[in-house]
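Reviewing the structure listed below.
Note that the numbering runs from 1 along the sequence shown for the chain. If you're wondering where the values come from, they're calculated on a predicted model, not measured in any experiment.
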Amino acid sequence: KNGRHWCDAAIRGIAGNEKYVGDVLLQKTYTDAHFIGTKIMEKWNVIFFQIITYRLLVGKLLQSKCKSVRQRAAEKGIVYGTGKYQKRYAFSGKVICGKCGSTCKRRIHSGNEIAWTCAAHIESAQKCPMKYVREEVLKAAFVTMLNKLIFSRKHILKPLLEQLKTNSNDENVRRMQELQKQLESHAEKKNTLHRLYAQKVIDPVLFRQEMNALQKQAESCRMEIAQLEQETHGETEIIAELKQLLRFTEQHSAMLTEFQETWFSAFAEQIILYDRNHIGFRLKCGLLLKEEI
């Protein structure tokens, strides 16, 4: 159509469309007489008919084969669409150029050597001077970082965990309690105002002014409480990630020698390429650790 190339999405659409086979599902809904204008689904009230005025583009046997292929792809975890490229590999979308901030892309060099290169550098070396870094270097640096955490967990991870437990919730909880008391006070003042207004002790203008002021103060308190709850939830997640990392280091007393994708997926948030000799690992627990190659 229009002299353009066929894309995979269009072909999948044709192969899976009932109209191209000749089956059209009609009367998927009907209008109930008791509810004029309301369409109601009826499972059993359907009609199939054959399109005989157009030549069929896709035979039923071919469509059945297409469906079988899609089912096998789903069983193997193959995902169609642009989103599949974001998580195809362990490092996909997680390697960031420390010079320009661009995401790095996976490249295969001569000799089947896998490397990660800044997307801006791929377009033009003038946009970013950051050169590629071999994937094996990234893996080795990550394993080295884990080994350092294993042998220094008592000096790094445990004190950090205790500090987060002590400081994370106390201040927020205390502040939220204060705000809750303020909301209760505002509610009592509103009740008092309503009572005085009903007794015609205060005039309508003053009543509205005081009620609006209390309403604004209450909204401000609720917004701050919501923000504190969000912060507390985030800190709780960080503590959970740190506990998981600490358990991992306690279970591995011997030095790690090989990279495993499950470790990276469990603990790493990003890899930052500062240059070819300095690599940073931003962990899910909030730590940012730099390795020198």
Side-chain angles (χ1 to χ4, degrees), residues 82-161 163-164 234-235 237-250 252-293:
T82 56
K84 65 180 180 178
Y85 297 103
Q86 298 175 0
K87 296 182 180 179
R88 180 186 291 183
Y89 308 101
F91 295 157
S92 295
K94 294 187 175 183
V95 184
I96 307 299
C97 175
K99 295 187 181 296
C100 71
S102 299
T103 303
C104 296
K105 294 184 178 181
R106 186 178 185 269
R107 311 271 285 184
I108 299 179
H109 294 181
S110 58
N112 293 329
E113 180 184 65
I114 301 173
W116 292 84
T117 310
C118 171
H121 181 82
I122 294 174
E123 293 182 11
S124 172
Q126 296 178 349
K127 290 186 177 180
C128 181
M130 183 66 195
K131 297 181 179 180
Y132 71 88
V133 177
R134 292 184 295 110
E135 184 172 273
E136 291 302 318
V137 172
L138 300 179
K139 292 180 177 179
F142 181 74
V143 172
T144 300
M145 183 271 299
L146 283 182
N147 282 326
K148 289 182 179 179
L149 289 178
I150 290 173
F151 291 104
S152 61
R153 61 178 178 269
K154 294 182 180 180
H155 305 289
I156 297 178
L157 299 182
K158 286 187 175 181
L160 178 60
L161 180 59
Q163 182 181 359
L164 287 175
E235 291 173 352
E237 290 183 346
I238 290 176
I239 291 175
E241 295 289 350
L242 188 57
K243 285 182 177 179
Q244 183 180 354
L245 180 59
L246 182 58
R247 284 195 297 268
F248 173 83
T249 59
E250 291 173 343
H252 294 79
S253 56
M255 181 177 291
L256 306 177
T257 57
E258 294 182 356
F259 172 86
Q260 291 191 19
E261 289 188 4
T262 53
W263 299 343
F264 182 82
S265 299
F267 306 123
E269 188 72 30
Q270 281 184 342
I271 298 177
I272 303 174
L273 304 183
Y274 298 106
D275 53 51
R276 279 186 162 181
N277 298 320
H278 298 88
I279 299 172
F281 294 95
R282 191 184 303 279
L283 305 184
K284 294 180 179 180
C285 64
L287 287 174
L288 176 59
L289 304 175
K290 183 182 290 188
E291 286 296 324
E292 184 174 357
I293 307 303

- Message: Determine whether the aromatic ring centres of residues Phe281 and Phe267 are separated by less than 6.0 angstrom.
- Response: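 Between Phe267 and Phe281, the centre distance exceeds or equals 6.0 Å.
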Can any side-chain N or O of [X] pair as donor or acceptor with the backbone N or O of [Y] at less than 3.5 Å?
X      : Y      : answer
Thr249 : Leu246 : yes
His121 : Lys131 : no
Arg276 : Tyr132 : yes
Asn147 : Met255 : no

Query - salt bridge (Lys or Arg N to Asp or Glu O under 4.0 Å) partners of residues 107-120, not counting sequence neighbours, each pair once - result: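 Sorted pair list: Glu113-Arg134.
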What are the two closest heavy atoms between [X] and [Y], and how far apart are they?
X      : Y      : answer
Gly93  : Ile96  : O-CD1, 4.4 Å
Gly98  : Ile272 : CA-CG2, 3.8 Å
Val143 : Leu256 : CG1-O, 3.5 Å
Ile150 : Ala254 : CD1-O, 4.4 Å
Cys128 : Lys99  : SG-CB, 4.1 Å
Trp263 : Phe248 : NE1-CE1, 3.5 Å

#### Entry: Stepwise side-chain contact (heavy atoms from CB on, under 4.5 Å) check, Lys139 with Phe91
CA-CA 10 Å; Lys139 292 180 177 179; Phe91 295 157; 4.0 Å; yes
| message | Over 60° means perpendicular and under 30° means parallel, so tell me whether Tyr89 and Trp116 are parallel, tilted or perpendicular. | response |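 Geometry flag for Trp116 against Tyr89: perpendicular rings.
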How long is the gap from [atom1] on [X] to [atom2] on [Y], to the nearest 0.5 Å?
X      : Y      : atom1 : atom2 : answer
Glu292 : Thr144 : CD    : OG1   : 12.0 Å
Met130 : Cys104 : CE    : SG    : 6.5 Å
His109 : Thr117 : NE2   : OG1   : 4.5 Å
Arg247 : Gln244 : CZ    : CD    : 6.0 Å

Check your understanding: If you draw a 6.0 Å radius around NZ in Lys284, do more than 12 non-hydrogen atoms from other residues or ligands fall strictly inside?
Key ->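 Count over threshold, so yes.
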For the pair His252 and Arg153, evaluate side-chain contact (heavy atoms from CB on, under 4.5 Å) and give the outcome as yes or no after the intermediate values.
CA-CA 11 Å; His252 294 79; Arg153 61 178 178 269; over 6 Å; no
Checking side-chain contact (heavy atoms from CB on, under 4.5 Å) for the pair Phe264/Ile271: CA distance, chi angles, key distance, verdict?
CA-CA 10 Å; Phe264 182 82; Ile271 298 177; 3.6 Å; yes
**Request:** State, yes or no, whether a side-chain contact exists between Leu273 and Ile279 at a heavy-atom distance under 4.5 Å.
**Result:**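 With C-beta onward as the side chain, the pair touches.
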Note, Leu283 side chain near Leu149 side chain (heavy atom, < 4.5 Å):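 When only atoms from C-beta onward are counted, Leu149 and Leu283 do touch, with a gap below 4.5 Å.
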